[in-house]
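The block underneath contains the structure these notes are about, expressed in structure tokens.
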Amino acid sequence: MHNPKHTSLQGGGAVARVLGKLYPNLSKAHRKTADYVLANTFRAATMTIDELSEAAGISLATANRFAHALGFDGYAPFRNALVADFASSLAPVEKMRHEVQKSATSAEIISAALSNDIRNIEATRQALVAEHCDQAVEMILKAERIFVIGFGASAFLAGIMVHALEPFCRTVLSGVHPGGPSQTGRQFFKLDERDVVIAMAYPRYATDTVRLARRAVEKGAKLIAFTDLPHSPLVPLADVTIYSQTERQMSPTSDAAALVLIQALCDAVAHRAKRSVQAASEMTEFVLPWLYQAEQYEQGKSLARASGKAIKNNAVKNNAAKKAAASGTSKA
């Protein structure tokens, strides 16, 4: 264990604060190490003792003594305190570090990932709250306008939801723009109580999503949150929250369960929407020119072949006529 006087070294830049206090009393080599750690705190938190010694230009023994000088029993407890400062951000990195050390074939990794997502989807299904599902669907169907926002990987999920809701809701808008979050903020300036904002945020939570969700609520819009756990920063802001389990070993978030839940809720909207079948039919008819159809494709190829043959035959006839005319002129 580390020195009792440092038992509060948990998060909030704790290691940096201790370094600030002890720095004047550190040796020259330890100050060199401290300078590197203070300038590269996040990077140092991800490093093994070998990596830190190489990056800081110190020996392994110096790195270990440096940790002791700060009141830790060794490098591992020191690094754990650094990790605590970035717990949520570094958790996926630590999981990956653990996983890549295991011996496994590519097929085994893929199979494990699929099994992981199956567990996530089942856990998501079991965690459904019927009242919350009904409330979310009703809010969507009654909204004057619907804005769907998400940044990072959630931006792709948001786009899929916009696509799925469009046939059944009059106005569905994506909150993700080339102009970035500030452009979304310009749109949100016009929000009122008739509007619904659907915000998506999964670890690692994007600050822009939380900030815009807060602005939407301030403007009087209703908020539906799609997130993972009750401690998500979106939960206190939302009128209703729909949870999905998103645990994954090799990355921060598994999007599979979140995507399945989004599509499932859109199915519920389609089921409750008026004229849903007619709307889907009209939408299909409207986009028909852009849909690939095998029969039309084969007909097109047949027409193209027939046209090509006709052009070729005409060319042969024209050439024959020219030769005949040339021959007649020569005899004359």
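None of the values given here were measured: they were computed from a predicted structure.
A donor-acceptor pair is defined here as one N or O able to donate and one able to accept, closer than 3.5 Å; such a pair exists between the side chain of His68 and the backbone of Asp73. Using a distance-only test at 3.5 Å, with no hydrogens or angles considered, a donor-acceptor pair links the side chain of Glu51 to the main chain of Thr48. A donor-acceptor pair under 3.5 Å is absent between the side-chain atoms of Ser154 and the main chain of Leu157, judged by distance alone.
With sequence neighbours excluded, the residues that form a side-chain contact (heavy atoms from CB on, under 4.5 Å) with Leu38 are Ala16, Leu19. Considering only residues two or more places apart in sequence or on other chains, Ala61 meets the side-chain contact (heavy atoms from CB on, under 4.5 Å) condition with Ser59, Arg65. Shown here are the side-chain contact (heavy atoms from CB on, under 4.5 Å) partners of Arg119, two or more places apart in sequence or in another chain: Ser115, Asn116. Residues passing the side chain to side chain donor-acceptor pair (under 3.5 Å) test with Asp192 are Arg194, sequence neighbours excluded. In this structure Arg125 satisfies the salt bridge (Lys or Arg N to Asp or Glu O under 4.0 Å) test together with Glu122, sequence neighbours excluded. For Tyr243, there are no ring pair (Phe, Tyr, Trp, His ring centres under 6.0 Å) partners two or more places apart in sequence or in a different chain. In terms of the side-chain contact (heavy atoms from CB on, under 4.5 Å) criterion, residue partners of Ala270 (sequence neighbours excluded) are, by chain and number, Phe168.
Rounded to the nearest 0.5 angstrom, Leu173 CG and Glu166 CD are separated by 9.0 Å. With values rounded to the nearest 0.5 angstrom, Thr124 atom OG1 is found 11.0 Å from Ile242 atom CD1. Atom CG of Asp195 is separated from atom CD of Glu144 by 7.0 Å, given to the nearest 0.5 angstrom. Annotation: the span from Ile146 atom CD1 to Leu165 atom CG amounts to 5.5 Å, rounded to 0.5 Å. Atom CH2 in Trp290 sits 9.5 Å away from atom CG in Leu288 (nearest 0.5 Å). With rounding to the nearest 0.5 Å, the separation of CZ in Phe78 from CG in Asn80 is 10.5 Å.
Contact annotation: the side chain of Leu52 never approaches that of Asp50 to less than 4.5 Å [non-hydrogen atoms, C-beta and beyond]. At a threshold of 4.5 Å between non-hydrogen side-chain atoms, the residues Met200 and Thr209 do not count as touching. With contacts defined as side-chain heavy-atom distances shorter than 4.5 Å, the pair Asn120/Glu247 qualifies. Two residues are said to be in side-chain contact when any heavy atoms from C-beta on lie closer than 4.5 Å; Ile140 and Ile198 meet this criterion. Two residues are said to be in side-chain contact when any heavy atoms from C-beta on lie closer than 4.5 Å; Leu212 and Pro181 meet this criterion. Looking at Ile160 and Leu259, their side chains come closer than 4.5 Å, going by heavy atoms from C-beta outward. The closest side-chain heavy-atom distance from Leu191 to Val197 is below 4.5 Å. Annotation: side chain of Phe147 is not in contact with side chain of Val196 (no heavy-atom distance under 4.5 Å).
Transitive grouping of hydrophobic side chains (ILVMFWY, heavy atoms separated by less than 4.5 Å) keeps Met161 and Val260 in distinct clusters. Connection of Leu234 to Val148 is not established within any shared hydrophobic cluster, with ILVMFWY side chains joined at heavy-atom distances below 4.5 Å, either directly or through further cluster members. Under the 4.5 Å side-chain contact rule for hydrophobic residues, Met47 and Phe72 share a cluster. Ile58 and Leu82 fall into different hydrophobic clusters, where Ile, Leu, Val, Met, Phe, Trp and Tyr are joined by side-chain heavy atoms under 4.5 Å apart, directly or via other members.
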Report task. Decide yes or no on side chain to side chain contact (heavy atoms under 4.5 Å, CB included) for His30 and Thr62, but give the supporting numbers first. Result -> CA-CA 7 Å; His30 289 170; Thr62 298; 4.0 Å; yes

Report task. For Arg272 and Glu138, run side chain to side chain contact (heavy atoms under 4.5 Å, CB included): C-alpha distance rounded to whole Å, both residues' side-chain angles, the deciding distance at 0.1 Å, then the answer. Result -> CA-CA 8 Å; Arg272 287 272 302 276; Glu138 186 171 351; 4.2 Å; yes

**Report entry** Audit row: Val162, Ser174, side chain to side chain contact (heavy atoms under 4.5 Å, CB included) steps and yes/no
**Finding:** CA-CA 6 Å; Val162 169; Ser174 172; 4.2 Å; yes

Report task. I would like to know whether Met139 and Ile224 meet side chain to side chain contact (heavy atoms under 4.5 Å, CB included); could you show each step before the answer? Result -> CA-CA 9 Å; Met139 287 168 62; Ile224 301 173; 3.5 Å; yes

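Through side-chain heavy atoms spaced under 4.5 Å, either directly or across other Ile, Leu, Val, Met, Phe, Trp or Tyr residues, Phe156 is tied to no other residue. Think of Val129 as one node in a network of Ile, Leu, Val, Met, Phe, Trp and Tyr side chains linked at under 4.5 Å; it has no links at all.
The shortest heavy-atom contact between Ala273 and Leu141 is CB-CD2, 3.9 Å. Between Ala55 and Tyr36, the shortest heavy-atom contact is CB-OH, 3.4 Å. Residues Ser53 and Leu60 come closest through the heavy atom pair OG-CD2, 3.4 Å. Closest approach of Ile149 to Gly175, counting heavy atoms only: CG2-CA, 3.6 Å. Ala69 and Leu22 get closest at one heavy-atom pair: O-CD1, 3.7 Å. Closest of all the heavy-atom pairs between Ala238 and Ala225 is CB-CB, 3.6 Å.
Taking a 6.0 Å sphere around CD of Gln126, one finds it holds more than 12 heavy atoms contributed by other residues, nucleotides or ligands.
Side chains of Ser232 and Thr227: a donor on one and an acceptor on the other come within 3.5 Å.
Ion pairing between Glu218 and Arg214 fails under the 4.0 Å rule for side-chain N and carboxylate O. Look at Lys222 and Asp239 and you find no salt bridge, because none of the NZ, NE, NH1 or NH2 atoms lies under 4.0 Å from a carboxylate O.
Figure legend: cation-pi geometry between Lys219 and Phe188 absent, as NZ or CZ is not positioned both under 6.0 Å from the six-membered ring centre and within 45° of its axis.
Screening residues 195-242 for ring pair (Phe, Tyr, Trp, His ring centres under 6.0 Å) gives no qualifying pairs among residues at least two apart or on separate chains. Among residues at least two apart or in separate chains, there is no salt bridge (charged side-chain N to carboxylate O under 4.0 Å, His left out) pair with a member in residues 23-35.
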Which side-chain N or O atoms in residues 261-269 pair as donor and acceptor under 3.5 Å with protein atoms at least two apart or in another chain?
none

